[in-house]
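The structure appears below as structure tokens.
Every heavy atom of this structure was used, including side-chain atoms; hydrogens, water molecules and symmetry mates were not. Ligands are counted one by one from 1 in listed order, and the atoms in each one are counted from 1 as well. Keep in mind that this is a model prediction, so the values were computed, not measured.
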Amino acid sequence: MLSDVLLVSAPGKVILHGEHAVVHGKVALAVALNLRTFLQLQPHSSGKVSLNLPNIGIKRAWDVARLQLLDMSFLEQGDPTVPILEKLEKLKEVADFPEDCTDHERLAVLAFLYLYLCICRKQRALPSLDIVVWSELPPGAGLGSSAAYSVCLAAALLTLCEEIPNPLKDGEASSRWTAEDLELINKWAFQGEKVIHGNPSGVDNAVSTWGGALRYQQGKISSLKRPPALKILLINTKVPRSTKALVLNVRNRLLKFPKIVAPLLTSINAISLECERVLEEMATAVPAPEHYLALEELIDMNQHHLNALGVGHTSLDQLCQVTMAHGLHSKLTGAGGGGCGITLLRPDLTGPEVEAVKQALTGCGFDCWETSIGAPGVSVHTAASLDAPVWQALDGLCAGQWASSS
Ligand code: PMV
């Protein structure tokens, strides 16, 4: 078992094109968002295992000796890697939740305990450790924050238990695992996602593991070769929405007007395919203004289609109008009905131009991040290579006190 501190990060995701259409068997393009979740794992010998999630206010610790005494055969039921309901009920007893714990908090703790017990129980003794996870991603905004959390946990625990090697070589600031190791990380991260979401598609954890851009259709996931890292503004309208209700609305509209809605979905599919073609061309040739023009036109067309499907919102209309007033093109990303939008930033834009549009958007009450898509997937870092705010956040938090549940 490793004894050094491990620092791991994994990206969130946005859907570039294909949301809603993907539910009806069409292609979606999902891209890694360079807003990341960071995890620090500190092995020690204090006899405690602790979890600190400052973004959602969780600090918990368990006695390793008590966990060690558990009859863990329940984890073996059925397929040992699948978190079925019975296993989760047992885990809830282990977690020993306080009365006032929200569902959100419970699921994050359960995913941790599930991965910790499943991955580490093959060791001679369960390890004592402190884990701190801090994220740049807002939770519950459709940006894959839970997948990035599960990917970081899986990567760190598998590395600690030497199921996969630490790929960081002397003198390197950051490194990534081999394709085979990433497969294993993704497999476990998917189980963490199942604990949190029940029946997820697997696309969020795949994007967070591999990074870059992925094409997704009917459960089949493939990576785009060398996608360009495009700059975007990510905007959170902060208008709450229910993915489930919006997906149902689209289904009802398709049933009511099949001759009108089915061609919209076919057209969205064509937009995803054309975007994929343009991105691959940008990777092989020098990106030209025509490429950005094409990407902008695809964004506009898809946004109109999504409005026609009924998943728009006045906040998203406002977002598109404000950015259009600055000559920029935007669309909703994810379920719509509020939530988040993305704006493509062409490389010819100056710093003050970007600042002006950011100010206009924050003036509408939206949260706004200047970031990029096509970011690298799960990575391991040295402390020195992390930006000061990330390191300070993690380091400061590691010194905190733990609320003990046992
Ligand atoms: O919930 P979000 O914002 O990550 O987006 C869901 C994307 C949909 O296509 C609307 C639903 C789905 O399951 O693919």
**Prompt:** Is the backbone N or O of Gly339 less than 3.5 Å from a side-chain atom of Thr237, with the two atoms forming a donor-acceptor pair by type?
**Reply:**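 At least one qualifying donor-acceptor pair exists.
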**Asked** Is a side-chain donor-acceptor pair under 3.5 Å present for Thr159 with Asn166?
**Response**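 Short answer, no.
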**Request:** Check whether the side chains of Ser315 and His313 place a donor and an acceptor atom closer than 3.5 Å, and report yes or no.
**Result:**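 Yes - a donor-acceptor pair under 3.5 Å links their side chains.
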**Request:** Could you tell me if any non-hydrogen atom of Ala335 lies under 4.0 Å from any atom of ligand 1?
**Result:**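 The answer is yes, since Ala335 has a heavy atom less than 4.0 Å from ligand 1.
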**Prompt:** Are there more than 12 heavy atoms of other residues, nucleotides or ligands under 6.0 Å from atom NZ of Lys231?
**Reply:**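 No, not enclosed.
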To check your reading of the model: name the closest protein heavy atom to [atom], its residue, and the distance in Å.
{"atom": "atom 14 (O) of ligand 1", "answer": "Val22 CG1, 3.4 Å"}
{"atom": "atom 12 (C) of ligand 1", "answer": "Val23 CG2, 3.8 Å"}
{"atom": "atom 8 (C) of ligand 1", "answer": "His20 N, 3.9 Å"}
{"atom": "atom 3 (O) of ligand 1", "answer": "Arg241 NH2, 2.8 Å"}
{"atom": "atom 6 (C) of ligand 1", "answer": "Thr243 CG2, 3.8 Å"}

With atoms numbered from 1 as shown, which atoms in ligand 1 lie under 4.0 angstrom from a non-hydrogen atom of [X]?
{"X": "Gly334", "answer": "3 (O), 5 (O)"}
{"X": "Ile15", "answer": "7 (C)"}
{"X": "Glu19", "answer": "9 (O)"}

**Prompt:** Side chain, backbone, both or neither: which part of Lys13 has a heavy atom under 4.0 Å from ligand 1?
**Reply:**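 The part of Lys13 near ligand 1 is the side chain, not the backbone.
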**Request:** May I ask you to establish whether Arg106 and Phe97 are in a cation-pi arrangement, using a distance under 6.0 Å from NZ or CZ to the six-membered ring centre and at most 45° from the ring axis?
**Result:**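 The answer is yes; both the distance and angle limits are met.
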**Request:** Indicate the atoms forming the closest heavy-atom contact of Pro228 with Met282, along with that distance.
**Result:**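 Residues Pro228 and Met282, closest heavy atoms: CG-CB, 3.9 Å.
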**Message:** Please find the pair of heavy atoms, one from Gly377 and one from Arg36, that lie closest to each other, and give the distance.
**Reply:**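 Smallest heavy-atom distance, with atoms named: O-NH2, 2.9 Å.
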